[in-house]
A.B. asks: 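Okay, here's the structure, questions in a sec.
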Amino acid sequence: MRKEQAILTQLEGIPESYPAVEGVTGSALAVAWQRIEYHIAFRYTPRSVEWRVLSTGCEFIPPLAPVSSLTIQVGDDAPVVPETGPLGGYLLPCGLVTITGSVGAGPAPAAVLEAVRRYAKYIEAGSKLPVGVNRFSSGDADVSIRGDQISPSLAMINSGAGDLLRPFRRV
């Protein structure tokens with residue numbers, strides 16, 4: 001018989017600051033990091049996290065890493081530190097379990113910093129066009145830009161940041 005679990009919610013806090021990236025400052029840094037973190041499982045600055053898990057008495061492997069502290073609570077019982085399981089996760093009792101902890105530690109790898117830089121620069125370049133402009137020309141060059149080519153959604157792909165992040169998508 002296979003034991004299963006279901007993560008019902010994941011509430012992740014916002015860190016006090018994000019790692020510095022050369023050439024990216026101000027709100028662009030925070031926006032870029034938030035979009036990058038949406039696509040990866042690793043965190044490089046500490047923040048709180050809470051999971052609510054419906055457990056059948058199995059091992060919980062946190063979907064975010066690195067975990068620096070963790071406690072579990074079942075119902076109104078006092079929070080306890082769970083035992084480590086054979087796969088490196090945490091053994092949970094049966095029932096609705098609230099898991100609270102802290103994730104994130106640095107430094108960020110060079111590939112992740114480069115992904116943040118690429119993403120931020122791509123968004124910045126697209127935002128330099130005046131509102132409503134989708135075509136410009138200069139001499140022999142005639143360039144047409146579609147609005148969807150500079151959208152935040154496609155920026156992850158078009159900037160090349162997504163390719164750099166592949167090794168960091170799962171724990």
Side-chain angles (χ1 to χ4, degrees), residues 2-123 152-153 155-157 159-171:
R2 191 172 143 201
K3 292 190 174 188
E4 297 181 1
Q5 67 187 6
I7 297 177
L8 303 176
T9 60
Q10 174 177 298
L11 303 173
E12 183 178 350
I14 298 172
E16 291 181 20
S17 64
Y18 290 98
V21 175
E22 188 176 331
V24 184
T25 58
S27 64
L29 180 67
V31 169
W33 267 111
Q34 289 168 7
R35 292 298 298 167
I36 294 296
E37 285 183 344
Y38 179 79
H39 292 277
I40 62 176
F42 293 86
R43 303 295 182 257
Y44 302 103
T45 53
R47 82 268 325 262
S48 63
V49 67
E50 178 182 287
W51 292 282
R52 298 206 23 116
V53 177
L54 186 56
S55 172
T56 58
C58 56
E59 185 170 355
F60 173 73
I61 298 176
L64 299 176
V67 175
S68 56
S69 67
L70 198 93
T71 60
I72 63 170
Q73 183 176 4
V74 179
D76 293 332
D77 296 343
V80 296
V81 176
E83 293 180 40
T84 303
L87 299 176
Y90 302 94
L91 298 178
L92 300 181
C94 291
L96 183 59
V97 180
T98 301
I99 304 168
T100 56
S102 179
V103 296
V112 174
L113 295 174
E114 177 62 15
V116 172
R117 189 192 67 73
R118 285 185 185 188
Y119 183 85
K121 293 300 180 185
Y122 188 89
I123 292 295
S153 306
M156 189 66 62
I157 298 165
S159 68
D163 291 335
L164 293 171
L165 298 174
R166 283 189 182 145
F168 305 98
R169 290 190 181 149
R170 291 190 174 81
V171 177

A.B. asks: So, using salt bridge (Lys or Arg N to Asp or Glu O under 4.0 Å) as the criterion, who are the partners of R166 when residues are at least two apart?
C.D. replies: D163
A.B. asks: Can you list the residues that meet the side chain to side chain contact (heavy atoms under 4.5 Å, CB included) rule with T71, with sequence neighbours excluded?
C.D. replies: P79, V81, T100
A.B. asks: Residues in side chain to side chain contact (heavy atoms under 4.5 Å, CB included) with V74, at least two apart?
C.D. replies: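 V74: side chain to side chain contact (heavy atoms under 4.5 Å, CB included) contacts with D77, P93, V97.
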A.B. asks: On a heavy-atom basis, which atom in P19 and which in Y44 lie closest, and how many Å separate them?
C.D. replies: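 Nearest pair, atom of P19 first, then Y44: CG-CB, 4.1 Å.
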A.B. asks: In the structure I gave you, are the side-chain heavy atoms of W33 and V21 within less than 4.5 Å of one another anywhere?
C.D. replies: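 With C-beta onward as the side chain, the pair touches.
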A.B. asks: Roughly how far apart are I99 CD1 and S55 OG, rounded to 0.5 Å?
C.D. replies: 8.0 Å
A.B. asks: Not counting sequence neighbours, list each pair that qualifies as a side chain to side chain donor-acceptor pair (under 3.5 Å) and has a residue in residues 78-91.
C.D. replies: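 Residue pairs passing side chain to side chain donor-acceptor pair (under 3.5 Å), neighbours aside: none found.
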A.B. asks: For the residue pair F168 and F42, categorise the inter-ring angle as parallel (less than 30°), tilted (30 to 60°) or perpendicular (more than 60°).
C.D. replies: perpendicular
A.B. asks: Search all heavy atoms of W51 against all heavy atoms of I7 and return the closest pair with its distance.
C.D. replies: CD1-CG2, 4.0 Å
A.B. asks: For residues A155 and I123, report the shortest heavy-atom separation together with the two atoms involved.
C.D. replies: CB-CD1, 3.5 Å
A.B. asks: Please identify each residue that fulfils side chain to side chain donor-acceptor pair (under 3.5 Å) with T45, with sequence neighbours left out.
C.D. replies: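 Applying side chain to side chain donor-acceptor pair (under 3.5 Å) to T45 gives R47.
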A.B. asks: Run the side-chain donor-acceptor check on residues 59-70: report pairs under 3.5 Å with partners two or more places apart or on a different chain.
C.D. replies:
from, atom 1, to, atom 2, distance (Å)
E59, OE1, L87, N, 3.3
E59, OE2, L87, N, 3.0
E59, OE2, G88, N, 3.1
E59, OE2, G89, N, 2.6
S68, OG, S102, O, 3.2
S68, OG, S102, OG, 3.4

A.B. asks: Output all residues satisfying side chain to side chain contact (heavy atoms under 4.5 Å, CB included) with P167, sequence neighbours left out; order by chain, then residue number.
C.D. replies: none
A.B. asks: Should we count CD1 of I14 as having more than 12 external heavy atoms under 6.0 Å?
C.D. replies: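 Incorrect, the count does not exceed 12.
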A.B. asks: Less than 4.5 Å apart, any side-chain heavy atom of L164 and any of V112?
C.D. replies: no
A.B. asks: Could I get the full list of salt bridge (Lys or Arg N to Asp or Glu O under 4.0 Å) partners for R35, not counting sequence neighbours?
C.D. replies: none
A.B. asks: Strictly by salt bridge (Lys or Arg N to Asp or Glu O under 4.0 Å), give each pair with a member in residues 97-117 just once, sequence neighbours left out.
C.D. replies: E114-R117, E114-R118
A.B. asks: Compare every heavy atom of V116 with every heavy atom of A32, then report the nearest pair and how far apart it is.
C.D. replies: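 Heavy atoms only, the tightest pair is CB-CG1, 3.8 Å.
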A.B. asks: Who are the side chain to side chain donor-acceptor pair (under 3.5 Å) partners of T98, not counting sequence neighbours?
C.D. replies: R52
A.B. asks: Considering residues at least two apart in sequence or located in another chain, which fulfil the side chain to side chain contact (heavy atoms under 4.5 Å, CB included) criterion with A161?
C.D. replies: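 Partners of A161 under the side chain to side chain contact (heavy atoms under 4.5 Å, CB included) test: I36, A115, Y119, M156, S159.
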A.B. asks: Determine the minimum heavy-atom distance between G57 and C94, stating which atoms define it.
C.D. replies: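 Distance-wise, the nearest heavy atoms are N-SG, 3.6 Å.
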